[in-house]
Structure formats: C-alpha cells, structure tokens
Amino acid sequence: MRPKHPDVSRSLNMTGESHSERSEESKSTWISHINENLEIRRAFLQPHADLVQDEKTLVWNVTQEKRETNRHADMHVLGDYCYVSYGLRPNSDEKTAKGEFKKEDLISETQDSVPRRKYIEAKDIEKYKINRIRYLEYGTERSPAKLVRPTFDEWFNPSKLFFNRLGDLVGTMDTENHFLHNDSIIGAALWKDLQGGENKSIASSIKKFSTMTRAEMEKLSQTVDLRYLLGIMNSRYASVLLTALRGGDYHIYLEHIRNIPIPPATKTQQKPIIALVDEILRLKAQNDTGSHSEEAKATEESTTALEREIDMLVYKLYGLSEEEIKVVEGE
C-alpha cells in the first residue's frame, strides 16, 4: 500500500538559492514541520536516497533517523509463525441486510438470554491486559450471518495475540476465553492451531503474503510459544522495527504486523522471556484497582522492571551491539 504524506510534513519548492544550493536540492526534498500556530517551517533537506526507506512497500522516511527495513532479512517474520487478520465488523451488511441493525444493537454489557460470546475492541486492551469485556450477539439469525464482515468461526477459537491499529504498538493475548474481536484489533494465531481449517481468507492470505507453504508454516509454528512472541512484540525494539516498516504513518496495518522479524530461539532460549511474560500477566490480572492506588503504582513499577528485563533479552536475541542498544534506548 502506498503510504500517504504525513500530516506534519511536506516538501517545498524554494527559489533564490545559489547554484550549489539548487544542485543539492535537486537531489533532495525539503521536509517541513507545522507548529501549533499552523505555521510551516523548513526543518531539513532529506536526500532522495534516504527518502524511500523501503522500495517494496514505498514507506517514506521523513525523519533524520537512519532506518533499515532489511536489518534482519534472514529472520522469519511473525506472519510465518501466525495467521494474522482483522476481526469481524459487527454492522449489518449493506447488500443483504441494509439498515436492519447497528453494532450497538448486538452488544451487551452482560451475558443474558440471547446467545452471545465475549467480545473486545482495541479500546479495551493495553499491554499484557484486557481491561473490559462485553458480549456480542453470536449464533443467531443476524449474527454472524448478516454481518458486513463475519470472518470465519475457526478464527475465534484458538489462543491468540491481539494488537491495536493506531499509535504505539500494544499487544496482549487470550488463551482461555476465545474472544470475538472487531476490526479495530489485529489478531495473530499460530498456524498450527488453525490446522485443517480451509477457507478463502486463509488461502488468499497465503497466496498474497507468504513465502512458505502452509505445511511449512504449521511446522515452524510448533517451535514457538505465543508468550515468547508476545514478549518480542511488546518490546522496545519491536516498536523500532514497526517504525521502520510504517515510516511516519500513525496506523498499524496487517502487513506491518506480519512483517515484524522474529529472532529464532530454542525452547530453552524462549523460557526466560516466557517466565517474565507470565509474571507480567499475573501482576496485571491480579490488580484491577484504581490507577492511583498504591497497589496499582507498585504493579506498574514491577511490570516496568520486568519489561526492561525482556528488552535486554530481546536485544541479545536480535544480535544488537552495545552501540545499537544505546540508539534504541535513546542514549
């Protein structure tokens, strides 16, 4: 997908410069910033060689950071381990059930006599936690049969990672409740857990985006634990990798999540990250009190320390040098 111009940057044609300045500008583009008064000011010249940071996806780099999208080209990506897709869209289909119901008509705060399943949206999740659960009508005459995007039943049955689609990357997981989720969330399920499921969505995804066969991905997915992948995806370095993939875009698309490189790790190498993720999940789950309580503050401090431990392990798995780690840490 060709990225759009970021709202805060644009190129300007300048006049009145010397020949050498014009020569430099002929090989560069001015990147300008808009301040709070909506005034445009030139920030820096971006050489054309650095403007397109990924020729394949045409993601632009409108910052002065040095970004590499092929830094870990030898690694498998998340999409090799997981089928990655959006959730359902719980509105009536415009062709077959136009105007029959809205999303709000299907959602309840409580489980009642109507057939329903637990349901979440992106606003209900944070790192390592699901904050709110509601209930979506499901298995009735109108849902999922008349939804504009029903996806497929098998998609909601296996354990799964959940990611948001806007802003900073946030990941959590579901191993027990098999939540329904809408298309504000990107889900990722291990290929092995979808083994035997055949439908157009899966077939199309493999044909368009995979470099491996389905059998190869199912076998590969047996080598990783979802908690290991969650630790990687919630790490500081994964955010750096995401930025390299999406440039200045605020959105997170399927291709971004699919293409995050995942460092290979034996089961022994995965264990420390899994243990830390388990502890974070435990702390988050046991503390549902107000955000300003002493217990909440203590939980936040503990989880922050645990996440820092994961970051250090992740840097090692990706083979980062001390200097590269300093750059990631902003030192």
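As the structure is a prediction and not an experimental result, all values here were calculated from the model.
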Considering all heavy atoms, the nearest Gly197-Ile202 contact: O-CD1, 3.8 Å

From NE2 (His76) to CD1 (Ile262), nearest 0.5 Å: 11.0 Å

Ser302 backbone acceptor or donor facing Glu279 side chain under 3.5 Å: no

Electrostatic pair Lys219-Glu216, nearest N-O below 4.0 angstrom: no

Side chain to side chain, Leu194 and Pro158, heavy atoms closer than 4.5 Å: yes

Any donor-acceptor N/O pair, Arg165 side chain to Asp183 backbone, under 3.5 Å: yes

Donor-acceptor contact below 3.5 Å, side chain Thr303 vs main chain Glu300: yes

Flag, side chain of Arg246 to backbone of Tyr250, donor-acceptor distance under 3.5 Å: yes

Parallel, tilted or perpendicular, as decided by the 30° and 60° cut-offs, for the rings of Tyr253 and His251: parallel

Joint cluster assignment, Met212 & Tyr83, ILVMFWY side-chain distance < 4.5 Å: yes

Side-chain heavy atoms of Ser205 within contact of Arg258, under 4.5 Å: yes

Under 3.5 Å side-chain donor-acceptor pair for Glu307 and Asn234: no

CD (Glu176) with more than 12 external heavy atoms under 6.0 Å: no

Backbone of Leu276 reached by a side-chain donor or acceptor of Glu309 within 3.5 Å: no

Tyr237 and Tyr315 aromatic ring geometry - parallel, tilted or perpendicular at 30°/60° bounds: perpendicular

Arg89, CZ: over 12 other non-hydrogen atoms inside 6.0 angstrom: no

Expected output: side-chain Asp311 to main-chain Arg236 donor-acceptor under 3.5 Å: yes

Pairwise distance CG(Leu136) to CG(Leu147) - rounded to 0.5 angstrom: 7.0 Å

Cluster overlap Val77 with Met217, hydrophobic side-chain contacts below 4.5 Å: no

Donor-acceptor contact below 3.5 Å, side chain Ser221 vs main chain Glu218: yes

Nearest-0.5 Å distance that lies between atom CG in Asn177 and atom OG in Ser159: 10.0 Å

Side-chain heavy atoms of Pro90 within contact of Lys103, under 4.5 Å: yes

Any Met173 side-chain heavy atom under 4.5 Å of Leu229 side chain: no

Under 3.5 Å donor-acceptor, Ser108 side chain and Gln111 backbone: no

Note, Met75 side chain near Pro264 side chain (heavy atom, < 4.5 Å): yes

Interatomic distance, Phe163 atom CZ to Leu78 atom CG [nearest 0.5 angstrom]: 6.0 Å

same_hphob_cluster(Leu254, Ile252) at 4.5 Å side-chain heavy-atom cutoff: yes

Pair Asp112, Thr110: side-chain N/O donor-acceptor within cut-off below 3.5 Å: no

Contacts of type side chain to side chain contact (heavy atoms under 4.5 Å, CB included), residue Thr151, not counting sequence neighbours: Leu88, Arg149, Trp155, Phe156

For Pro263 against Leu317, the heavy-atom pair lying closest together: CB-O, 3.7 Å

Whether Asp174 side chain and His178 backbone form a donor-acceptor pair below 3.5 Å: yes

Connected via hydrophobic side-chain network under 4.5 Å: Tyr228 and Met312: yes

Side chain to side chain, Leu241 and Pro261, heavy atoms closer than 4.5 Å: yes

salt_bridge(Lys102, Glu104) N-O dist < 4.0 Å: no

Minimum side-chain heavy-atom gap Leu306-Leu283 below 4.5 Å: yes

Side chains of Phe101 and Glu137 in contact at under 4.5 Å (non-hydrogen atoms): no

Whether over 12 other heavy atoms sit under 6.0 Å from Asp168 CG: no

Spatial distance of atom CZ (Phe179) from atom CZ (Phe162) [nearest 0.5 Å]: 7.0 Å

Transitive ILVMFWY side-chain link Ile186 to Val148, under 4.5 Å: no

Note: Asp225-Arg227 ion pair, threshold 4.0 Å (strictly below): yes

Ion pair check, Arg214 and Glu198, cut-off under 4.0 Å: yes

Non-hydrogen atoms of Ala188 and Cys82 that approach each other most closely: CB-CB, 3.9 Å

Short N-O contact, Glu100 and Lys146, less than 4.0 angstrom: yes

Parallel, tilted or perpendicular, as decided by the 30° and 60° cut-offs, for the rings of Tyr318 and His72: tilted

